[in-house]
*Asks:* 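Here it is, the structure, as structure tokens.
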There are 2 protein chains.
Amino acid sequence: MSGEFDLIARIRERAGGPHAVAGPDGVVLGIGDDAAVLSLPPDRQLVVAMDTLNTGVHFPHDTAPADIGWKALAVNLSDLAAMGATPAWCTLSLSLPAGDRVWIDAFLDGFLGLAEAHRTRLVGGDTTRGPLSVCVTVHGLVAPGAALRRDGAQAGDDIWISGTPGDAAGALAQWKAGAGGDAALRARLDRPTPRTALGIALIGVAHAAIDVSDGLLADLQHLAGASGLAARIDLGALPVSPALRAAFGDDVRYALQATGGDDYELCFAAPSAARAAVIDAGRVSATPVTRIGQLLTGSGVSAWRGDVPWTPPSRGWDHFGRGEAD
Amino acid sequence: MSGEFDLIARIRERAGGPHAVAGPDGVVLGIGDDAAVLSLPPDRQLVVAMDTLNTGVHFPHDTAPADIGWKALAVNLSDLAAMGATPAWCTLSLSLPAGDRVWIDAFLDGFLGLAEAHRTRLVGGDTTRGPLSVCVTVHGLVAPGAALRRDGAQAGDDIWISGTPGDAAGALAQWKAGAGGDAALRARLDRPTPRTALGIALIGVAHAAIDVSDGLLADLQHLAGASGLAARIDLGALPVSPALRAAFGDDVRYALQATGGDDYELCFAAPSAARAAVIDAGRVSATPVTRIGQLLTGSGVSAWRGDVPWTPPSRGWDHFGRGEAD
């Protein structure tokens, strides 16, 4: 794009520039050549995830640039967390309608702020003229064979969730309604917390894990399906944030919590014998964890309200992208 | 996006699905989990490049889907080639206005056809609803310290170019003029050839390398600037394809060759003592290589027509993106 080199120079300057020799972070060559060169520690496998955020699909048009930067990296770090991987490096491909230094600096405040918090080095990428779109690839490290997968759950495993699901969907519902939304909920939509430390602490404890991007039931179906199992959750067991409880009645809240997306919490399966170990993993990672159901032989995912099976409302609490795109 | 899972399933099916154990290609876990898990051979560094192609910016709107797929991967493999890296894995983030199986199959024909030719496994990514945009991250491998960089050139080094620069810009000029363009030139614009084998063969031979995406003089400036040197090329030494020579007079052709982008040829610097080794690298990689100039002390890049310094025309032969975006 016109001004591409200035933009790249600015990103390079903010990201810390190239490093001539491999430091403890393994960056042999960072931004500024045709590609980055990275050195992995011995006995580590590479874990790679890639996700794109498009304006109007993955975030409301009025989202602040710093929040866009944060979220674009957060959803990718969340994928690494779901594998139990330790973040190492990322690349960023940014399509922008126009080069705008104020915008890019705000964007980088969010992006690099989260990167620093999770010790993730920005090592490359590109900038392009086009509709606003942010594509990120993250690279993490894991001991050979240790990655948490979706397909490792066993019948009888407990189902756990981190944090308080439904908050992001609650914020989105408020935004769609046009009312002044709750700031605590909106922060959960705009600045999801990648559960990096929890994912790492769950290695050797959990049998399977997934991050909740499309909605708890939908993503749990991915995990149960990959493991060849059925899953049952108890809506009454779902942890609830005070803000979500205050903003919505129970019926709507259950729908938000069970089917709303964008929370980026970890949903994971662990044997009942590991309950103390799961609670300990939550404690060492300072992440709330709650047991919400069980994996069973069979197929399909069901939610229960006490002894009554619950059916989600037909529409309206979908992932933002699908909701707006349809 | 609506239909995202079907689309991902189709890509996964075409790409060969996940692999349970690390094969010779190092894929421990491919498409279908939160992230891919990859196993590097011992004593190899990881080389990572990421580039996005947007419709109307990086390719004409009438480009065939198979050509879009090919080019999106080709421009990334070209970055690996410029580092001398051996391709290993890639991820693909595809934004599409609508899920269209015919389109995606044609796209994958181009993308996966090139991937197979360069032994690059598609291991992950995502699909999103949005304006047509293709973001690719490629991962290659290189022996520690062996990567070809931009900043390694030395004063007195020869400047070399692979292939016949200017063909892609010639095709673009014909497309902009609206005339029925030359098919051989258009193929060079739509289906650039990543110089993978040449890049690998140049390790230990070339001092520095870059791929020509923005134009020969512009990219040579990046190499010379990073190396703290000046560069001088002889326009009369530039290798010319028969199609380009037939289609344009000398003045226009020189402009296309010196400043037109999108060729994805390798421009590299090597000591004069290595001329036989460079020619040998071209021979073993079945890639034409031509000596076109020299690196000198100082700064700046100049092009000469015999003994007369040459100035590019003020506009009109720019990179497609800048040409259209301005």
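Chain naming here is simple, since letters A, B, ... match the order of the sequence lines and numbering starts at 1 in each.
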*Asks:* Only pairs of heavy atoms separated by less than 4.5 Å count here; which of B:Asp79, B:Leu223, B:Val142 has the most with chain A?
*Replies:* B:Asp79
*Asks:* Is A:Asp33 reaching over with its side chain to a backbone N or O of B:Arg150, donor-acceptor style, under 3.5 angstrom?
*Replies:*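 The answer is yes, because a donor-acceptor pair under 3.5 Å joins these two groups.
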*Asks:* Using non-hydrogen atoms only, which part of A:Leu92 is less than 4.5 Å away from chain B: side chain, backbone, both, or neither?
*Replies:* backbone
*Asks:* B:Ala226 versus chain A, heavy atoms under 4.5 Å apart: side chain, backbone, both or neither?
*Replies:*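 Neither; nothing under 4.5 Å.
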*Asks:* First locate atom CG of B:Leu38, then atom CG of A:Leu46, and finally report the distance between them rounded to the nearest 0.5 Å.
*Replies:* 5.0 Å
*Asks:* What part of A:Leu40 gets within 4.5 angstrom of chain B, counting heavy atoms only: side chain, backbone, both, or neither?
*Replies:* side chain
*Asks:* Let me know if A:Ala81 has heavy atoms under 4.5 Å from chain B in its side chain, its backbone, both or neither.
*Replies:* neither
*Asks:* Can you find a heavy atom in the side chain of A:Arg149 that is under 4.5 Å from one in the side chain of B:Val37?
*Replies:* no
*Asks:* Could you go through A:Ile210 and B:Asp34, starting from their C-alpha distance and side-chain angles, then the distance that decides it, and tell me whether this counts as side-chain contact (heavy atoms from CB on, under 4.5 Å)?
*Replies:* CA-CA 7 Å; A:Ile210 191 168; B:Asp34 289 294; 3.6 Å; yes
*Asks:* As an exercise: rank B:Ala209, B:Ser95, B:Cys135, B:Ala49 by heavy-atom pairs under 4.5 Å with chain A and give me the winner.
*Replies:* B:Cys135
*Asks:* If only atom types and distance count, is the side chain of A:Asp126 paired as donor or acceptor with the main-chain N or O of B:Thr52 below 3.5 Å?
*Replies:* yes
*Asks:* Give a yes or no answer on whether the side chain of B:Asn54 reaches the backbone of A:Arg129 with a donor-acceptor pair at less than 3.5 Å.
*Replies:*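 Indeed, once roles are kept as given, a pair shorter than 3.5 Å links the two residues.
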*Asks:* Side chain from CB out, backbone as N, CA, C, O: work out which of these in B:Val136 comes under 4.5 Å of a heavy atom of chain A, or both, or neither.
*Replies:*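 Answer is backbone: N, CA, C or O of B:Val136 sit under 4.5 Å from chain A.
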*Asks:* Quick one: what part of B:Ala36 sits under 4.5 Å from any heavy atom of chain A, side chain, backbone, both or neither?
*Replies:* both
*Asks:* Nearest 0.5 Å please: distance from the CZ atom of B:Arg44 over to the OG atom of A:Ser39.
*Replies:*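 Atom-to-atom, B:Arg44:CZ and A:Ser39:OG are 12.5 Å apart.
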